[in-house]
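Take a look at the structure below.
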Amino acid sequence: MSRRKRNSARPQTNNPIEWLQHRTGYPTPAEREQIIRLREKISEDVMLLRFEKVPTDDRRYRAVIDKYGQAEVQRAERKFKEGLDTASRVADDAKSYREYRLRYSKFGGEQKFYSAQEVSDLYDLFFEQVQQAMDNNRRTSTEAQDELEKLLLMGWRDWDDITPPAIPPRPADYNIPQPASYPAPINELLEWGDDLHKALQVANEAELLNWKKFIPALTRMALDPGLLNGWSSEKASWAPWHAAHALSVLQAWESAPALAELADLENDWLSDHLPHIWADMGREAEPSLWMILETQAASAKRRALAAEALFMTAETSRAMYNKVVRGFEKILMNTSNSDATLNGYLVMFLKDMQVSEATLNNIYQAFRENRIDEDIITPDQIEEQA
């Protein structure tokens, strides 16, 4: 057999599921369940390869491809990467709710659409069920677990291509403010929908200058309550994501303070990307980030997101590194206006910056004085780094 034929052969022996051979239409219900179980096993094998840092030309990697087929292995790798991608360590709640909005917009059907708080509560119930199962050495899921998985549409990336879409209709009583109108060319962002990889492309300086004229309108779009709270299966509801990232491409540093409002939305699905958006705006955004961080009346989440953006910029130069360390340390040691949540995040970032022994001593002092939220970081984690 030639090399060409050997590499292109379809995996027949290990996954004899008919649908996987032709991949047209949708599999039968029985095949669907088989494929989901198969993909769970592939994910486990791919995860093991990645954690062991097995190169793609290694025989163990090739063996997995031969066993499951390249298409399914690549799918599992994308899923693994998406699971590791975390835009922010501060606003993981925003990512979680965005993921829910995405899958609900495609498969929600007649199910209820939940708020961010309701989604969080349902996850808490689910993990309670899982913990009880572990405590009781129960190997199968309960009806309650299965129902929660259904309500949250969990594991959707294992079945999104093998399940017919169930686009949820917008309820008649779903009332939101009327979105503003937007001029060309930015009105095209209203049509980009939930393709969150789509990004503004600026070909040359003249095009960049033309787009910069629309920075105020893009800022309004990013903060438009009629869009932010829009029905998730409607394209325009995703326009704030595209507008905020367009502001990043345009390095619209003047919009940095306004975008901070995204952190405090009741149903936040976007703020986890604020640190990257701010950091990409360049050095001109730095004064605004310090202003947000040092505003004691602002929420801890808003301030911590600004700190995360500054932490990201600390890699640009030694001078910026020193400035960020000193600034974080100053806030941490302010005993008269101490916020334990914010301090927890500041310590998390300082830990990753390999700070001096003097700064570590100040961190330990803050722990002793109970000025750091240990649900975010503990002294033991600092000692592991030291």
Side-chain angles (χ1 to χ4, degrees), residues 51 83-97 99 116-117 119-132 134-135 260 263-266 268 271-276 278 289-290 292-315 321-386:
F51 281 139
L84 291 181
D85 283 345
T86 302
S88 169
R89 287 180 284 177
V90 174
D92 57 345
D93 58 328
K95 178 184 178 182
S96 176
Y97 194 53
E99 290 283 316
Q117 185 59 57
V119 168
S120 178
D121 292 342
L122 288 172
Y123 270 119
D124 288 344
L125 286 173
F126 175 77
F127 290 121
E128 284 179 17
Q129 292 283 334
V130 171
Q131 186 61 54
Q132 289 176 15
M134 293 173 62
D135 292 343
D264 298 326
L265 296 182
E266 183 178 359
D268 174 20
S271 75
D272 59 313
H273 273 242
L274 280 179
H276 289 273
W278 281 331
L289 297 178
W290 284 112
I292 296 166
L293 173 57
E294 294 169 355
T295 301
Q296 295 175 1
S299 68
K301 181 179 177 181
R302 183 186 294 211
R303 298 174 71 188
L305 285 167
E308 189 165 17
L310 289 165
F311 162 72
M312 293 168 64
T313 66
E315 298 179 353
Y321 168 92
N322 291 333
K323 186 176 183 179
V324 170
V325 170
R326 289 196 304 270
F328 287 6
E329 193 171 6
K330 179 181 177 181
I331 295 171
L332 182 64
M333 298 311 295
N334 185 346
T335 58
S336 60
N337 290 286
S338 185
D339 186 311
T341 300
L342 174 63
N343 287 346
Y345 288 115
L346 294 179
V347 169
M348 180 189 297
F349 301 137
L350 288 169
K351 167 183 173 288
D352 289 350
M353 295 174 75
Q354 304 288 334
V355 292
S356 67
E357 185 174 348
T359 300
L360 286 174
N361 289 336
N362 285 332
I363 289 172
Y364 288 129
Q365 179 181 337
F367 273 115
R368 289 192 295 271
E369 295 172 356
N370 298 316
R371 291 188 288 105
I372 297 175
D373 185 345
E374 294 193 23
D375 286 337
I376 297 172
I377 192 165
T378 66
D380 289 343
Q381 290 172 293
I382 303 297
E383 289 174 4
E384 289 172 6
Q385 183 69 42

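What you see is a predicted model, and the numbers here were worked out from it, not measured in a lab.
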Flag the pair [X] / [Y] as yes when at least one side-chain heavy-atom distance between them is below 4.5 Å, and no otherwise.
X: F367; Y: I377; answer: yes
X: N343; Y: I376; answer: no
X: I372; Y: L332; answer: yes
X: F328; Y: L310; answer: yes
X: V355; Y: Y321; answer: yes
X: T359; Y: M353; answer: no
X: L305; Y: S88; answer: yes
X: L350; Y: V325; answer: yes

If you round to the nearest 0.5 Å, how far is [atom2] of [Y] from [atom1] of [X]?
X: K95; Y: H273; atom1: NZ; atom2: NE2; result: 8.0 Å
X: I382; Y: I363; atom1: CD1; atom2: CD1; result: 5.0 Å
X: L342; Y: D373; atom1: CG; atom2: CG; result: 11.0 Å
X: D264; Y: R302; atom1: CG; atom2: CZ; result: 4.5 Å
X: E374; Y: D380; atom1: CD; atom2: CG; result: 8.5 Å

Run V90 and K301 through side-chain contact (heavy atoms from CB on, under 4.5 Å) and show every step you take. CA-CA 7 Å; V90 174; K301 181 179 177 181; 4.3 Å; yes
Do E383 and Y364 pass the side-chain contact (heavy atoms from CB on, under 4.5 Å) test, and can you show the C-alpha distance, the side-chain angles, and the key distance before you say yes or no? CA-CA 10 Å; E383 289 174 4; Y364 288 129; 3.3 Å; yes
Under 3.5 Å, which donor-acceptor pairs do the side chains of residues 120-129 form with other protein atoms, sequence neighbours left out?
unit_1, atom_1, unit_2, atom_2, d
D121, OD1, Q117, NE2, 2.9
Y123, OH, R103, NH2, 2.7
Q129, OE1, T142, OG1, 3.4

Would one find more than 12 heavy atoms of other residues, nucleotides or ligands at under 6.0 Å from atom CD of E315?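 Counting other residues, nucleotides and ligands, CD of E315 stays at 12 neighbours or fewer.
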Measure up the F349 and F311 rings against each other and bin them: parallel (under 30°), tilted (30 to 60°), perpendicular (over 60°).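 The arrangement is parallel - the two ring planes meet at less than 30°.
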If every non-hydrogen atom of [X] is compared with every non-hydrogen atom of [Y], which pair is closest and at what distance?
X: Y345; Y: A304; result: CD1-CB, 3.7 Å
X: A91; Y: D272; result: O-CB, 3.2 Å
X: R303; Y: A298; result: CD-O, 3.7 Å
X: E308; Y: R89; result: OE2-N, 3.0 Å

Evaluate side-chain contact (heavy atoms from CB on, under 4.5 Å) for K323 paired with R326, printing each intermediate quantity in order. CA-CA 5 Å; K323 186 176 183 179; R326 289 196 304 270; 4.2 Å; yes
Tell me if a side-chain donor or acceptor on S271 pairs with a main-chain N or O of L274 at a distance below 3.5 Å.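 Checking the backbone N and O of L274 against the side chain of S271, no donor-acceptor pair under 3.5 Å is found.
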By side-chain contact (heavy atoms from CB on, under 4.5 Å), which residues pair with M312, not counting sequence neighbours?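 So M312 forms a side-chain contact (heavy atoms from CB on, under 4.5 Å) with P275, H276, A279.
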Trace of the side-chain contact (heavy atoms from CB on, under 4.5 Å) decision for M348 with Q381: CA-CA 9 Å; M348 180 189 297; Q381 290 172 293; over 6 Å; no
Can N361 and E357 be counted as having a side-chain donor-acceptor contact under 3.5 angstrom?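 No, no side-chain donor-acceptor contact under 3.5 Å.
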